[in-house]
Student: 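Just dropping this structure here.
Remember, predicted model here, so these are calculated numbers, not experimental data. In what follows, chains carry the letters A, B, and so on, assigned in the order in which the sequence lines appear, proteins first and then strands, with residues in each chain numbered from 1.
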2 protein chains.
Amino acid sequence: MTLSTERLLDEVGWQLLAALQQDARTPLSELARRVGLSAPAVAERVRRLEDAGIIRGYRAELDLARLGLPLSAWIRLTIDGQRDEPFLKHAAQAPEIHSCDRVTGTDCFVLRVVVSDVAHLERTISALKAYGSPITSLVLSSPVTRRDVEGPR
Amino acid sequence: MTLSTERLLDEVGWQLLAALQQDARTPLSELARRVGLSAPAVAERVRRLEDAGIIRGYRAELDLARLGLPLSAWIRLTIDGQRDEPFLKHAAQAPEIHSCDRVTGTDCFVLRVVVSDVAHLERTISALKAYGSPITSLVLSSPVTRRDVEGPR
DNA sequence: ATTGAAAGTAAGGTCTA
DNA sequence: TAGACCTTACTTTCAAT
């Protein structure tokens with residue numbers, strides 16, 4: 001936590017982050033009302049949170065099932081030999097791979113894949129076998145999908 | 001894919017979803033410019049995407065490391081006996097658990113946890129041992145953090 | 001198309017180091 | 001007195017009827 005960010009993350013800063021995590025399209029004027037500051041002051045605050053890299057962006061959250069992508073899975077992938085680079089190239093452009101983390105342990109990578117049906121899942125897994133050994137777990141439900149970050153309590 | 005959603009997901013609909021995934025705070029007037037429709041028409045389109053549940057909401061994406069949470073981990077949790085319910089209660093309120101999916105296979109649950117340091121990670125894992133056997137993989141880097149959903153190509 | 005709300009701009013005031 | 005942070009006043013842009 002650097003010096004410059006500390007000033008930003010006071011009571012008001014965390015209130016703004018809470019509101020924008022909940023609804024990123026909240027108008028600045030509404031944010032101003034909630035934190036008890038003028039609209040220009042809040043606009044400046046938000047701009048500085050963005051400039052400091054604390055706010056990385058604003059994203060619409062979509063319902064994947066309603067977009068024809070009802071199946072999600074976790075795939076743990078152990079890479080064979082020295083195939084990291086070709087795999088990363090594949091991961092960067094494969095539309096099914098929604099996230100990919102390099103992790104400790106023998107698994108090497110943890111992937112979140114999102115597909116339209118089991119045939120699509122099969123193709124996705126097969127493609128991964130070119131780089132290593134995948135272990136797949138289909139997502140049955142998601143008791144916790146997203147947790148907002150809270151300030152110091 | 002129901003009948004009502006099909007009408008929404010034409011060329012323009014997907015253009016709107018693409019823009020809002022990229023920057024959820026894009027003004028409606030700007031969206032209108034990009035898709036070549038009037039502002040009221042676009043406002044109506046977006047409202048219908050929301051009402052159909054295709055757009056679930058708008059979220060600010062934060063940099064967790066800059067907020068004092070530099071460590072993330074995947075934890076696979078095999079639940080002992082019939083302790084699903086107490087575990088789900090725990091998961092629903094634990095601030096470290098950012099996502100939790102029930103999955104096929106022996107793992108039962110896949111958790112994304114976000115913590116401030118290794119001591120915090122240790123406490124988080126210890127707490128999980130009340131419900132089952134956790135296997136932890138620390139995230140080293142994230143080659144793919146988020147993939148936008150694209151329409152039919 | 002009109003009207004009220006919201007966002008952006010500019011100038012100035014207060015507090016602190 | 002310099003700088004950080006806020007306010008008010010004003011103009012432009014946006015959004016809804």
Side-chain angles (χ1 to χ4, degrees), chain A residues 1-63 66-67 148-153, chain B residues 4-69 148-149 151:
Chain A
M1 200 100 72
T2 71
L3 286 79
S4 64
T5 69
E6 273 178 41
R7 197 195 322 281
L8 283 173
L9 296 176
D10 57 359
E11 175 81 26
V12 168
W14 277 108
Q15 280 181 277
L16 294 175
L17 292 180
L20 289 170
Q21 284 181 93
Q22 197 69 33
D23 180 6
R25 282 183 76 84
T26 310
L28 296 175
S29 55
E30 169 65 19
L31 294 176
R33 249 168 252 131
R34 291 199 211 164
V35 304
L37 290 182
S38 68
V42 166
E44 174 68 10
R45 284 274 202 156
V46 171
R47 198 189 55 73
R48 280 162 53 209
L49 287 166
E50 293 165 356
D51 290 350
I54 293 171
I55 296 175
R56 295 163 63 98
Y58 306 95
R59 318 283 172 218
E61 182 185 312
L62 307 185
D63 186 317
R66 289 190 219 259
L67 292 170
D148 285 351
V149 181
E150 289 169 38
R153 51 231 93 243
Chain B
S4 63
T5 70
E6 274 178 42
R7 193 194 317 283
L8 284 173
L9 295 176
D10 58 0
E11 176 81 26
V12 168
W14 277 107
Q15 282 181 279
L16 294 175
L17 291 181
L20 288 170
Q21 285 180 94
Q22 199 68 31
D23 180 6
R25 283 183 75 83
T26 310
L28 296 175
S29 56
E30 168 67 19
L31 294 175
R33 247 167 253 133
R34 292 199 210 164
V35 303
L37 291 181
S38 70
V42 166
E44 174 67 11
R45 283 274 203 160
V46 172
R47 199 189 55 75
R48 280 162 55 207
L49 287 166
E50 293 166 355
D51 290 350
I54 292 171
I55 296 175
R56 294 163 62 97
Y58 306 95
R59 318 281 171 220
E61 182 185 313
L62 307 185
D63 186 317
L64 298 174
R66 293 207 214 298
L67 292 171
L69 298 167
D148 284 353
V149 180

Student: Before accepting this row, confirm whether a basic side-chain N of the pair Arg47(A)/Glu44(A) lies closer than 4.0 Å to the acidic partner's carboxylate O.
Tutor: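 Salt bridge flag = yes for Glu44(A) with Arg47(A).
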Student: Are the side chains of Leu67(B) and Leu17(A) in contact, using a 4.5 Å heavy-atom criterion?
Tutor: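 Sidechains of Leu67(B) and Leu17(A): in contact.
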Student: Please tell me if the side chains of Asp10(B) and Arg45(B) come closer than 4.5 Å, counting only heavy atoms from C-beta onward.
Tutor: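 Yes - at least one pair of side-chain heavy atoms lies under 4.5 Å apart.
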Student: Tell me, for nucleotides 6-17 of chain D in 5' to 3' order, what letter each nucleotide earns: B for a base near a protein heavy atom under 4.0 Å, S for only sugar-phosphate near one, - for neither?
Tutor: SBB-----SSS-
Student: What does nucleotides 12-17 of chain C look like as a protein-contact string, B for base, S for sugar-phosphate only, - for none, at under 4.0 angstrom between heavy atoms?
Tutor: ------
Student: How many angstroms lie between atom CG of Leu31(A) and atom CZ of Arg33(A), to the nearest 0.5 angstrom?
Tutor: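 With rounding to 0.5 Å, CG (Leu31(A)) is 9.5 Å from CZ (Arg33(A)).
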Student: Answer yes or no: is there a side-chain heavy-atom contact under 4.5 Å between Leu20(A) and Arg25(B)?
Tutor: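 Leu20(A) reaches Arg25(B) side chain to side chain.
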Student: I want to check something: taking the side chain as every heavy atom from C-beta on, are Arg34(A) and Thr26(A) in contact at a cut-off of under 4.5 Å?
Tutor: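 Answer yes - side chains close enough.
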Student: Are any side-chain N or O atoms of Arg59(B) and backbone N or O atoms of Gln22(A), one a donor and one an acceptor, separated by less than 3.5 Å?
Tutor: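 Checked: pair present.
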